[in-house]
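This report concerns only the one structure given below.
Here is the naming used below: chain letters follow the sequence lines, and residue numbers restart at 1 for every chain. Quantities reported herein were computed from a predicted structural model and do not represent experimental measurements.
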Amino acid sequence: MDYKETLNLPATDFPMRGNLPQREPEIMQRWTELELDRKLSEPNQEKPNFTLHDGPPYANGNIHIGHALNKILKDIVIKSKRMQGYYAPYVPGWDCHGLPIELKVDQKLGKKKREMTKAEVRRECRTYAKEWVDIQSDEFRRLGIFGDWQHPYLTMTADYEAATARELARFAEREGLYKGRKPIHWCSSCVTALAEAEVEYEDHTSPSIFVKFPYQDELPAGFDELAGKPLSFVIWTTTPWTIPANLAVCLHPELLYVAIDTGAELLVMAEGLHAQVLAELNITDFKIAKTFQADVFDKKECRHPLYDRASLLVLGDYVTLEAGTGCVHTAPGHGHDDYLTGLRYGLEIYNPVDDYGRYREDLEFFGKEKVPAVNPQVSAKLAEVGALLGEDKISHSYPHCWRCKKPIIFRATEQWFISMEANQLRQKALEHINDVQWIPHWGRDRIYNMIENRPDWCISRQRSWGVPITVFYCGKCDEALADGKIMHHVADLFEETGSDIWYEKEAKELLPDGTVCPSCGHDDFRKEMDILDVWFDSGVSHAAVVEKREQLKTPADLYLEGSDQHRGWFHSSLLASVGTRDAAPYRAVLTHGFVLDEKGRPMSKSVGNVIAPEKVIKQYGAEILRLWVATQDYRNDTRVGDAILKQVSEAYRRIRNTARYILGNIHDFDPATQTVADKDLLEIDRWALSRLEELVNRVLKSYDSYDFHVLYHAVHNFCSVDMSAFYLDVLKDRLYTSPTESLERRSAQTAMYRILEALTRMMAPVLSFTAEEIWGFMPGEREESIHLAEFPSFEDSLIDNALEEKYERILAVRSDVAKVLELARAEKIIGHSLDARVELAADGDLADLLKQESAQLASLLIVSQVEVTDSLANATTGENLPELKIRVSKADGEKCSRCWNYATTVGEHDDHPEICHRCLQAIA
RNA sequence: GGGCUAGUAGCUCAGCUGGCUAGAGCACACGACUGAUAAUCGUGAGGUCGAAGGUUCAAGUCCUUCCUGGCCCA
């Protein structure tokens with residue numbers, strides 16, 4: 001007789017292999033049919049609201065693995081919050097304005113662009129951005145990200161642009177907006193400002209000159225020995241044309257300087273550079289008159305070598321000994337450091353160069369001359385007045401225009417700024433930083449230091465694809481009209497048609513009727529043609545999105561982005577919100593690190609180590625990418641590569657197979673009618689549920705603290721160690737051989753059902769596809785999607801510590817026995833563990849435990865017989881438990897052909913000579 | 001150069017306020033099973049906790065310096 005027919009073996013259609021690349025789209029189809037995105041986005045007043053506000057990715061290009069990490073993390077947060085009973089809507093957004101898109105469109109249009117109006121070019125940009133929004137939207141959804149994909153926010157829609165303009169108006173109303181000057185890259189040939197991305201660096205030969213700046217102030221105390229001879233500070237520059245704009249000479253506050261006595265005069269330069277400089281200047285006959293620290297010269301005056309004005313001595317940390325003299329020529333209108341130094345010392349941001357690269361007409365000696373062609377004349381003039389110490393040529397890397405390939409210059413231009421000091425913006429922002437929970441905590445220091453030291457926020461860009469700065473200029477007196485009320489009026493116009501109207505209508509059509517210039521009374525205006533920095537666009541999303549959408553709560557509970565956003569979005573959002581609302585836009589900020597390759601290097605096309613999400617999805621499935629996110633401690637940098645993904649797939653397989661095995665064993669279980677009450681459960685089943693409850697506790701806490709990798713390891717270990725290697729293995733005998741309706745079988749099924757049910761719920765935020773798949777195979781009544789269900793609640797009462805301690809000891813015995821079984825296996829005494837008979841002896845407590853548990857030990861050890869005795873000769877001593885003695889031999893009796901246990905009762909019955917007594921009863 | 005940050009077995013992670021031979025899973029090697037089978041079970045081998053100093057009865061855990069990475073600035 002074939003006794004296999006009498007067994008209850010696992011049976012399920014749940015496939016062992018995930019086949020994720022094919023199956024995931026099918027599951028997504030089901031989600032679409034269930035309208036999950038809509039159901040989960042619908043406003044809900046009954047549940048507490050949890051608002052995670054999405055930081056908008058830039059709408060250009062396919063998503064990369066960093067986007068995937070970011071969105072999956074957000075999705076895990078959203079789903080876990082929802083499963084904890086919150087209403088947690090997710091409104092995805094995109095950053096649509098800005099230079100990269102404008103440049104791409106430029107490229108696409110080519111020469112055609114010259115015949116197009118700004119408004120037409122902007123329409124092209126809009127179309128381009130929308131295309132990428134749609135592509136990225138599909139890519140994100142393919143990752144299993146849930147959200148209101150039908151109603152995302154885009155920074156280029158009319159309502160958003162109107163909101164942006166309003167926030168700018170608010171700054172204007174509070175007098176936080178002002179016009180100032182700042183040096184930017186400028187191409188005099190193209191007559192245009194250039195962004196950093198449009199600048200190419202190439203080798204270029206420049207003049208190299210040393211110039212004396214005569215000291216004209218009183219000597220500091222203790223410098224008497226320098227009196228009597230002319231004293232000069234020596235600077236070095238490769239841009240003689242900026243000398244006319246010089247306003248200062250910068251020294252390092254801590255480096256040592258020397259005064260060199262050449263006989264006729266005294267020259268000051270850094271101590272660490274003097275030998276080199278004097279050699280270049282061919283000065284051989286000198287002595288060091290004095291060595292000193294330069295800070296005593298702070299704010300003393302030199303005289304400009306050409307003009308009748310002072311050049312201030314100032315201090316700056318950025319002065320180095322790499323080149324030059326350690327005394328740095330400073331023209332605040334022509335250099336970045338110079339500019340910042342100028343701001344610190346209250347110097348004019350002076351720029352005598354016009355849009356075409358010509359000196360202003362009134363500049364003495366060089367009026368109307370073109371820079372940098374004027375260089376030789378400047379040198380000659382310096383020589384003429386005796387200020388030129390030396391002249392040479394140098395080849396170095398120099399910025400060039402990417403379009404016309406000509407060298408560019410750095411020159412101060414008129415720009416719009418948000419003041420960090422007006423309304424104490426800086427001070428308030430720093431205070432509000434402390435109201436926010438920064439995760440990890442060091443995010444606080446990071447952003448604090450940045451806000452503390454940053455200059456005023458330059459918000460203007462000389463471009464067209466963006467929100468216009470809604471300011472007018474008087475056509476007569478050129479006074480800027482940055483009036484809050486008028487700016488709100490323009491914002492109202494944007495609300496209807498978008499900001500394109502700025503480019504389509506005349507100033508007077510945009511202004512309220514009867515507007516006149518407050519300073520001259522004139523009524524003819526022109527529009528500002530600069531646009532806003534895109535960081536301002538995204539920085540006001542709290543106003544444009546969170547405050548406006550009824551599903552969202554303000555301030556948002558969480559912003560979650562990469563740690564680069566301390567400088568980016570967290571930063572601009574904080575300033576935009578504090579500047580207009582005196583409050584931070586977020587309660588908590590969570591950051592993740594960057595995705596590196598397997599060796600820890602940043603990914604780049606040139607290195608060829610880029611891992612595209614698309615490829616991972618094709619090869620492994622989006623689920624593996626999601627699980628990968630959960631394996632990593634994302635607060636630090638994370639790594640990804642083939643080996644790591646393979647490892648994640650293996651972990652996935654383990655979890656999937658655990659679920660499959662349980663499904664196979666509960667296929668005939670009806671939870672509504674066959675559940676065994678807690679008090680009637682077998683002991684080991686209660687143990688399993690106790691372990692489960694500890695897992696539930698751990699997992700819920702991990703979701704709460706966003707420690708997803710902790711929960712991943714906990715779940716994986718539970719599946720591998722508690723379930724697969726012990727509980728489910730031990731259960732096999734009972735499940736397969738016990739009568740279908742027996743308490744033994746139903747008790748095991750009750751436990752397994754509850755375990756899988758809880759496990760599935762807990763994994764759903766991470767393994768969103770697989771959890772749904774399992775959910776569909778579970779017996780019993782349930783929500784139509786796992787994503788409409790909630791987490792299991794933690795029941796402290798289900799944890800039985802005494803029981804767990806007992807099983808911990810039994811597991812230690814089991815581990816020691818396994819080692820001895822392995823020895824017996826090596827000696828060919830046994831093959832399968834059921835071939836074995838185990839004798840045990842122990843001292844003290846352990847002896848009591850073994851005797852007490854002797855009846856179920858064979859089952860727990862998965863051997864045919866266990867005998868507990870008081871002492872054992874020729875036995876092996878336990879490694880975990882030195883008080884334990886173990887002896888293994890071939891089991892007594894014959895192997896039962898039904899349950900495969902050895903028993904002396906096999907052969908006792910004439911009708912069923914091949915099976916044991918226990919099986920005989922089971923099939924009776 | 002500055003701000004922030006990381007460095008524990010091949011990989012992913014534990015290791016709380018310093019205290020038992022530094023743990024887990026995976027991968028690897030070897031073996032078992034063939035009633036979880038493109039699965040499952042067992043055993044084993046892997047770490048001078050980035051390096052060097054120091055504090056302490058005691059340091060992966062505290063301090064100093066250095067090395068190698070990452071992000072953001074310059």
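Note on Ala651(A): nothing from the nucleic acid sits closer than 4.0 angstrom, heavy atoms only. No contact: Ser833(A) has no heavy atom under 4.0 Å from any strand. Backbone-only contact: Gly831(A) has heavy atoms under 4.0 Å from sugar-phosphate atoms and none from a base. Looking at heavy-atom distances under 4.0 Å, Gln632(A) makes contact with sugar-phosphate atoms alone, never a base. Within 4.0 Å of Val721(A), counting heavy atoms only, lie sugar-phosphate atoms of the nucleic acid but no base atom. Across all strands, Asp337(A) comes closer than 4.0 Å only to sugar-phosphate atoms, never to a base (heavy-atom distances). Residue Pro440(A) is out of contact with every strand shown, counting any heavy-atom pair closer than 4.0 Å. Heavy atoms of Gly664(A) sit nowhere under 4.0 angstrom from any nucleic acid atom. Nucleic acid contact class of Lys646(A) (heavy atoms, under 4.0 Å, all strands): none. No contact: Ala643(A) has no heavy atom under 4.0 Å from any strand.
Both distances falling under 3.5 Å, in either a Watson-Crick or a G-U wobble arrangement, occur for no nucleotide opposite U48(B). The partner of A24(B), taking Watson-Crick or G-U wobble pairs whose two distances both stay under 3.5 Å, is U12(B). In this entry U68(B) has A6(B) as its Watson-Crick or G-U wobble partner, both defining distances falling under 3.5 Å. Of the nucleotides present, A29(B) is the one that pairs with U43(B) by Watson-Crick or G-U wobble criteria, both distances under 3.5 Å. Base pairing of G1(B) is made with C73(B), judged by Watson-Crick or G-U wobble geometry with both donor-acceptor distances under 3.5 Å. Pairing for U34(B) is absent, with no Watson-Crick or G-U wobble pair whose two atom distances lie under 3.5 Å.
Between Asp729(A) and Tyr727(A), the closest side-chain pair of non-hydrogen atoms is not below 4.5 Å. Considering only heavy atoms from C-beta on, Tyr807(A) comes within 4.5 Å of Leu860(A) through its side chain. You'll find the side chain of Val610(A) stays beyond 4.5 Å of the side chain of His64(A), heavy atoms only. Using a 4.5 Å heavy-atom cutoff, the side chains of Thr239(A) and His334(A) are not in contact. Contact of the Met778(A) side chain with the Tyr753(A) side chain is registered, since non-hydrogen atoms from C-beta on lie closer than 4.5 Å.
Separating the CG atom of Asp633(A) from the C1' atom of G70(B) is a distance of 14 Å, rounded to the nearest angstrom.
At least one side-chain nitrogen or oxygen of His709(A) sits closer than 4.0 Å to the OP1 or OP2 atom of A14(B). In this structure, Tyr448(A) does not reach the G3(B) phosphate: none of its side-chain N or O atoms is under 4.0 Å from OP1 or OP2. Within the 4.0 Å cut-off from OP1 or OP2 of A14(B), not a single side-chain nitrogen or oxygen of Arg698(A) is found. For U5(B), neither phosphate oxygen OP1 nor OP2 lies less than 4.0 angstrom from any side-chain nitrogen or oxygen of Ser563(A). For the OP1/OP2 pair of U40(B) and a distance below 4.0 Å, the side-chain nitrogens and oxygens of Arg653(A) include at least one atom meeting the criterion. Phosphate contact (OP1/OP2 of U12(B), side-chain N/O of His713(A), threshold under 4.0 Å): absent. For the pair Arg444(A) and U5(B), the criterion of a side-chain N or O lying under 4.0 Å from OP1 or OP2 is not met.
A donor-acceptor contact under 3.5 Å links the side chain of Gln647(A) to the base of C11(B). Taking only distance into account, the side chain of Thr658(A) never meets the base of A36(B) through a donor-acceptor pair shorter than 3.5 Å.
Taking the side chain of Arg825(A) as heavy atoms from C-beta on, and the options A32(B), C72(B), C4(B), the nearest nucleotide is A32(B). Among the nucleotides A6(B), C11(B), C4(B), the one closest to any side-chain atom of Asn636(A) is A6(B). Counting only heavy atoms from C-beta on, Ser815(A) has its side chain closest to U43(B) among U43(B), A24(B), A36(B). When distances are taken from the side chain of Arg654(A) to each of U34(B), C41(B), A74(B), the shortest belongs to C41(B). Distances were taken from every side-chain heavy atom of Lys828(A) (C-beta onward) to each of A32(B), A38(B), C41(B); the shortest belongs to A32(B). When each of G70(B), G35(B), U5(B) is scored by its nearest atom to the side-chain atoms of Tyr736(A), the top-ranked nucleotide is G35(B). Distance from the side chain of Glu879(A) is smallest for G44(B) among the nucleotides A39(B), G44(B), C11(B).
With RNA chain B read from its 5' end, the first of the two nearest nucleotides for Thr638(A) and His832(A) is the one closest to Thr638(A).
Checking Tyr3(A) against His912(A) by side-chain atom types alone, a donor-acceptor pair falls below 3.5 Å. In summary, the side chains of Tyr712(A) and Ser702(A) do not present any donor paired with an acceptor at a separation below 3.5 Å, with no hydrogens or angles considered.
With centroids closer than 5.5 Å and planes inclined by less than 30 degrees as the test, Trp900(A) and the base of G35(B) pass as a stacked pair.
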